[in-house]
Trainee: 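Supplied in structure tokens, the structure appears directly below.
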Amino acid sequence: MVRKAWAAVLAGVLAVSLVGCSGQNAGQAGGKGFSVGMVTDTGGLNDESFNQSAWSGIERSKKELSTDIKALESKRDEDYVPNLTKFAREGRNITWGIGFKFNKAIPEVANQFQNVHFGIVDDNLGGNIPKNVTAVTFKEEEGSFLVGAIAGLTTKTNKVGFIGGMTSPLIKKFESGFIAGVKAVNPNAEVQVAYAESFTDATKGRSLAQSMYNGSVDIIYHASGGVGKGLFDEVKVREQGKFWAIGVDMDQSKLAPEHTLTSMIKKVDVAVFDVIKELKEGKLKGGEQKEFGLKEGGVSFVKSKHISDDVVKKVEEFQQKIIKGEIKVPTTPEEAKNFKAN
């Protein structure tokens, strides 16, 4: 009898040890049921941009889907793999890497933990998406085209600017769409472009904005994460009604309410929530790219009080043409140079 009792205890301990060591037990993170993890890039959780938007979608999953959620902020690029690994070992159902800078870390960790799911925002991993990864991308050029049209129709100096974060194919999509939108409504307008080569250096962002505004640019659009905070710090000390900023990823008007012309909305929150919901319902097919554009409701613009009804009407006409496929928005600067609206 004693021997049987010890055998039962030993079997129980062994079973617990196996679960604890695997770190790949999909569905259970510390016994909390369906769970979600999110790892930010170096912009941090409260970047007023895509990290914050993604977290909003994950918080929605907690309210509507009763998920257990947790975030880890990366202070440097080298934190990506250990942060992703930590959540994978907890057995979280899905762990998100927010931003294209995760395009090496996600495949590396996903291949080690093949029984848990991962999501990446803003990169399709070159089409080589592991079966336990979902890649979420957006047609940023389409939303950028619309705010470019707003800038082209609003500028008084015929000089507008674009500030990018890191030079990359992703940010070039924002730049190209914006230039095409400006040119579609105002062929004579000049678009000045500058890159901070950072997503966190707000001081650099302010310096670039100051230089542009001092050079007669009256509207600046940014796609630069935390760098953009410098743009808003600069524009709000300028003459109201004369100098404008255009936000990105989410409505950024609270950073400079009377100086924010509009924002290009990238609905990262909606996309992240939808993927989580599909996974929980057992409907998500891994190894796929999900792309969100105007047609899918993935990008849009803010109809602020600073935009006239005539401008809104004109921009909405362009929006419908893009949705119907009558206008193909360029994704590279080379394409933007030769772009002509139908």
Trainee: Quiz question: by atom type and distance under 3.5 Å, do the side chains of N124 and T137 form a donor-acceptor pair?
Mentor: no
Trainee: Assigning hydrophobic clusters by single linkage (Ile, Leu, Val, Met, Phe, Trp, Tyr; side-chain heavy-atom cutoff under 4.5 Å), is I265 placed with V248?
Mentor: no
Trainee: Is it the case that the side chains of S61 and T67 hold a donor-acceptor pair, with the cut-off being a distance below 3.5 Å and no angle test?
Mentor: yes
Trainee: A side-chain contact here means heavy atoms from C-beta on lying under 4.5 Å apart; do R60 and D269 qualify?
Mentor: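 Contact flag for R60/D269 side chains = no.
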Trainee: Do you reckon L65 sits in the same ILVMFWY cluster as V270, going by side-chain contacts under 4.5 Å, direct or chained?
Mentor: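 No, L65 and V270 fall in different hydrophobic clusters.
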Trainee: Apply the side-chain contact (heavy atoms from CB on, under 4.5 Å) test between L146 and each candidate in T262, V299, V315; give the one that qualifies.
Mentor: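 So the option named by the test is V315.
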Trainee: Evaluate the side-chain proximity of T155 to N186: yes if any heavy-atom separation is below 4.5 Å, no if none is.
Mentor: yes
Trainee: Could you note down all residue pairs passing salt bridge (charged side-chain N to carboxylate O under 4.0 Å, His left out) where residues 114-127 supplies at least one of them, sequence neighbours left out?
Mentor: D122-K266
Trainee: The criterion is salt bridge (Lys or Arg N to Asp or Glu O under 4.0 Å); which residues satisfy it with E258, sequence neighbours excluded?
Mentor: K305
Trainee: Under 6.0 Å between the ring centres of F50 and F138?
Mentor: no
Trainee: Could you see if M250 belongs to whatever hydrophobic cluster contains F301? Use Ile, Leu, Val, Met, Phe, Trp, Tyr and a side-chain cutoff under 4.5 Å.
Mentor: no
Trainee: Quick test of your reading: applying side chain to side chain donor-acceptor pair (under 3.5 Å), list the pairs with at least one residue in residues 36-45, sequence neighbours left out, ordered by first then second residue.
Mentor: D41-N51
Trainee: Between T85 and F113, is any pair of side-chain heavy atoms under 4.5 Å apart?
Mentor: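 Sidechains of F113 and T85: in contact.
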Trainee: Hey, any chance I219 and M212 share a hydrophobic cluster, counting ILVMFWY side chains that come within less than 4.5 Å of each other, even indirectly?
Mentor: no
Trainee: Quick one: does F174's side chain get under 4.5 Å of I179's, heavy atoms only?
Mentor: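 No, side chains not in contact.
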Trainee: Could you tell me if the side chain of V302 sits less than 4.5 Å from the side chain of S253, heavy atoms only?
Mentor: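 They are not in side-chain contact.
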Trainee: What residues, two or more places apart in sequence or in another chain, satisfy salt bridge (Lys or Arg N to Asp or Glu O under 4.0 Å) together with K104?
Mentor: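 Expected list: none.
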Trainee: Hey, any chance F162 and W244 share a hydrophobic cluster, counting ILVMFWY side chains that come within less than 4.5 Å of each other, even indirectly?
Mentor: yes
Trainee: Before you tell me yes or no, could you show the steps for E59 and K63 under salt bridge (Lys or Arg N to Asp or Glu O under 4.0 Å), namely the whole-Å CA-CA distance, both residues' side-chain angles and the distance that decides it to 0.1 Å?
Mentor: CA-CA 7 Å; E59 288 184 314; K63 295 175 184 176; over 6 Å; no
Trainee: List for me each residue that meets ring pair (Phe, Tyr, Trp, His ring centres under 6.0 Å) alongside Y213, sequence neighbours excluded, and say none if there are none.
Mentor: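 So Y213 forms a ring pair (Phe, Tyr, Trp, His ring centres under 6.0 Å) with F243.
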Trainee: To check you understand the geometry: which heavy-atom pair defines the closest contact between A71 and W55, and what is its length?
Mentor: CB-CZ3, 3.6 Å
Trainee: Could you please spell out the steps behind the side-chain contact (heavy atoms from CB on, under 4.5 Å) verdict for I246 and T260?
Mentor: CA-CA 6 Å; I246 297 178; T260 304; over 6 Å; no
Trainee: For K267 and S300, work out which heavy atoms get closest and say how close.
Mentor: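 Taking every non-hydrogen atom into account, CE-OG, 3.7 Å.
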Trainee: Anything under 3.5 Å between a donor and an acceptor, one on a side chain of residues 224-233, the other on a protein residue two or more places apart or in another chain? List them.
Mentor:
from: S224; atom 1: OG; to: H222; atom 2: ND1; distance (Å): 2.8
from: S224; atom 1: OG; to: G228; atom 2: N; distance (Å): 3.2
from: K229; atom 1: NZ; to: N46; atom 2: O; distance (Å): 3.3

Trainee: Report yes if the side chains of I94 and V275 come closer than 4.5 Å at any heavy-atom pair, otherwise no.
Mentor: yes
Trainee: Can you list the residues that meet the salt bridge (Lys or Arg N to Asp or Glu O under 4.0 Å) rule with D251, with sequence neighbours excluded?
Mentor: none
Trainee: Mind jotting down which residue pairs meet the salt bridge (charged side-chain N to carboxylate O under 4.0 Å, His left out) criterion with at least one end in residues 205-215? Sequence neighbours excluded, please.
Mentor: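 Every salt bridge (charged side-chain N to carboxylate O under 4.0 Å, His left out) pair that includes a residue of residues 205-215, provided the two are not neighbours, is R206-E234.
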Trainee: Has N214 got a side-chain atom pairing as donor or acceptor with S211's backbone, closer than 3.5 angstrom?
Mentor: no
Trainee: Pick one: which of K285, H117, E288 meets side-chain hydrogen bond (donor to acceptor under 3.5 Å, both in side chains) with T134?
Mentor: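 With T134 as partner, side-chain hydrogen bond (donor to acceptor under 3.5 Å, both in side chains) holds for just one option, H117.
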Trainee: Can you tell me how the ring of F178 sits relative to the ring of Y221, calling it parallel under 30°, perpendicular over 60° and tilted otherwise?
Mentor: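 Judged by the thresholds at 30° and 60°, the geometry between F178 and Y221 is tilted.
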Trainee: Is there a side-chain contact between I106 and Y80, using heavy atoms and a 4.5 Å cut-off?
Mentor: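 Of all side-chain heavy-atom pairs linking Y80 with I106, none is under 4.5 Å.
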Trainee: Would you mind listing every salt bridge (charged side-chain N to carboxylate O under 4.0 Å, His left out) that reaches into residues 181-195, with sequence neighbours excluded?
Mentor: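 Sorted result for residues 181-195: empty, none.
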Trainee: Not counting sequence neighbours, list each pair that qualifies as a side chain to side chain donor-acceptor pair (under 3.5 Å) and has a residue in residues 164-174.
Mentor: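 Listed once each, the pairs are E140-K173, T167-E197, K172-E175.
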Trainee: If the condition is side-chain contact (heavy atoms from CB on, under 4.5 Å), which residues does K70 pass it with, not counting sequence neighbours?
Mentor: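 side-chain contact (heavy atoms from CB on, under 4.5 Å) check on K70 returns K86, F87, E90, R92.
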Trainee: Verify salt bridge (Lys or Arg N to Asp or Glu O under 4.0 Å) between K290 and E278, making sure each step is shown before the conclusion.
Mentor: CA-CA 12 Å; K290 290 181 175 289; E278 281 189 46; 3.4 Å; yes
Trainee: Could you go through F318 and F145, starting from their C-alpha distance and side-chain angles, then the distance that decides it, and tell me whether this counts as ring-ring contact (aromatic ring centres under 6.0 Å, His included)?
Mentor: CA-CA 9 Å; F318 277 117; F145 182 98; 5.4 Å; yes
Trainee: For K159, which residues count as a salt bridge (Lys or Arg N to Asp or Glu O under 4.0 Å) partner, sequence neighbours excluded?
Mentor: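 In terms of salt bridge (Lys or Arg N to Asp or Glu O under 4.0 Å), with neighbours along the sequence ignored, K159 is linked to no residue.
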Trainee: Answer yes or no: is there a side-chain heavy-atom contact under 4.5 Å between E316 and Q320?
Mentor: no
